[in-house]
There are 2 protein chains.
Amino acid sequence: MTPYSEKDEQIALLAKAMGHPARVAIIRLLLKKQTCICGDIVDELPLSQSTVSQHLKELKEAGLIQGEITGVKTCYCIDESNWEKIGKLFDGLFNTTYKAKSCC
Amino acid sequence: MTPYSEKDEQIALLAKAMGHPARVAIIRLLLKKQTCICGDIVDELPLSQSTVSQHLKELKEAGLIQGEITGVKTCYCIDESNWEKIGKLFDGLFNTTYKAKSCC
DNA sequence: CTTATTAATCGTAATTTTACGATTAATAAG
DNA sequence: CTTATTAATCGTAAAATTACGATTAATAAG
């Protein structure tokens with residue numbers, strides 16, 4: 001269906017999800033802070049509640065984070081089941097030591 | 001000016017550049033193959049010459065690749081001076097071992 | 001039951017991205 | 001000099017993204 005490899009599609013999807021500074025900031029927040037309530041994330045970002053919610057949804061759909069509704073609040077966290085795999089995917093691409101070729 | 005950290009902006013910019021399967025495929029091609037002539041890249045992708053040229057421009061602007069005009073052809077390659085740094089940027093983010101927190 | 005809080009979703013406008021064909025500029029080949 | 005080749009750029013249409021306020025749904029608090 002898609003003319004690209006499964007791996008390339010996967011990396012592109014994940015990279016796209018990380019392709020906005022607000023989403024990078026959210027990921028970093030979830031890696032650092034104890035609290036991961038949606039409202040707390042909204043407070044840390046210069047964006048409206050609805051926009052942050054949209055960014056959270058994108059990160060969730062890409063498999064980077066998980067959201068768990070508890071009562072009236074929603075707690076977000078890094079999706080542990082994918083995190084390591086994602087790290088390795090990027091590692092496999094970016095930490096290929098590049099050797100200069102003849103052409104340039 | 002920007003409300004986000006320099007690092008988050010940098011990562012987002014690079015991730016965005018990798019956020020399309022065609023561009024991931026181009027990077028992988030440049031990592032693997034000897035030849036890096038624009039025309040060869042066009043041949044490997046299911047896209048028109050102008051579209052590939054546009055993707056190459058984006059990768060170049062993000063600092064991921066370099067292009068060198070030699071006669072009537074242009075030879076693209078991984079930007080060695082940035083490659084390692086970029087790998088470390090992503091490594092620093094994705095290879096943070098995530099420890100489950102109390103909240104979810 | 002009523003009201004308040006929280007976060008998702010809807011509707012929408014503005015911007016950006018993606019893709020293409022056509023054109024252009026530059027070098028190479030004849 | 002003329003023609004061919006290569007790749008960048010232009011113009012443009014369609015689609016996707018980003019952001020917001022308003023609304024909704026669900027639980028919590030009174």
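What you see below is based on every heavy atom in this structure, not just the backbone, and it leaves out hydrogens, waters and symmetry mates. Just so we're clear, the structure is a prediction, and the values are computed from it rather than from any experiment. In what follows, every chain begins at residue 1, and chains take the letters A, B, ... in the order their sequences are listed.
Of the residues in residues 47-64 of chain B, those lying under 4.0 Å from DNA chain C by heavy-atom distance are B/Leu47, B/Ser48, B/Ser50, B/Thr51, B/Gln54, B/His55, B/Glu58.
Side chains of B/Ile41 and B/Leu30 form a contact here, defined as non-hydrogen atoms less than 4.5 Å apart. Proximity of A/Arg28 to B/Lys7: side-chain heavy atoms (C-beta onward) are separated by under 4.5 Å at one or more points. Residues B/Leu56 and B/Cys38 meet the side-chain proximity criterion, which asks for heavy atoms closer than 4.5 Å. Between A/Leu93 and B/Leu31, some side-chain heavy-atom pair lies under the 4.5 Å cut-off.
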Paired and unpaired positions of DNA chain D as dot-bracket, Watson-Crick or G-U wobble under 3.5 Å, | denoting a partner strand: ||||||||||||||||||||||||||||||

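Atom-to-atom, NE2 of A/His20 to P of D/dA16 comes out at 18 Å; the value is rounded to the nearest Å. Taking atom CD1 of residue A/Ile26 and atom P of nucleotide C/dA7, one finds them 13 Å apart after rounding to whole Å. The CG atom of B/Leu13 sits 10 Å away from the P atom of C/dT17 (whole-angstrom rounding).
When every heavy atom of A/Gly71 is checked against every heavy atom of A/Ile69, the shortest pair comes out as O-CG2, 3.6 Å. What you find for B/Gly63 and B/Ile86 is that their closest heavy atoms are O-CD1, 4.1 Å. Shortest non-hydrogen contact noted between B/Pro21 and A/Ala12 is N-CB, 3.3 Å.
Legend: residues meeting salt bridge (charged side-chain N to carboxylate O under 4.0 Å, His left out) with A/Asp79, ordered by chain and number and at least two apart, are absent. The side-chain contact (heavy atoms from CB on, under 4.5 Å) check on B/Lys85 picks up B/Asn82, with sequence neighbours excluded. Annotation: ring pair (Phe, Tyr, Trp, His ring centres under 6.0 Å) contacts of A/Phe90 (sequence neighbours excluded): B/Phe90, B/Phe94.
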Contact pattern, 5' to 3', of nucleotides 25-30 of chain D - B, S or - by protein heavy atom under 4.0 Å: -BBS--

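With DNA chain C read from its 5' end, the first of the two nearest nucleotides for B/Arg23 and A/Thr74 is the one closest to A/Thr74.
OP1 and OP2 of C/dT6 both lie 4.0 Å or more from every side-chain N or O belonging to A/Tyr76. Residue A/Lys16 places at least one side-chain N or O closer than 4.0 Å to OP1 or OP2 of D/dT17.
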Chi angles and distances behind the side chain to side chain contact (heavy atoms under 4.5 Å, CB included) call for A/Tyr4, A/Ile11: CA-CA 11 Å; A/Tyr4 305 105; A/Ile11 290 179; over 6 Å; no

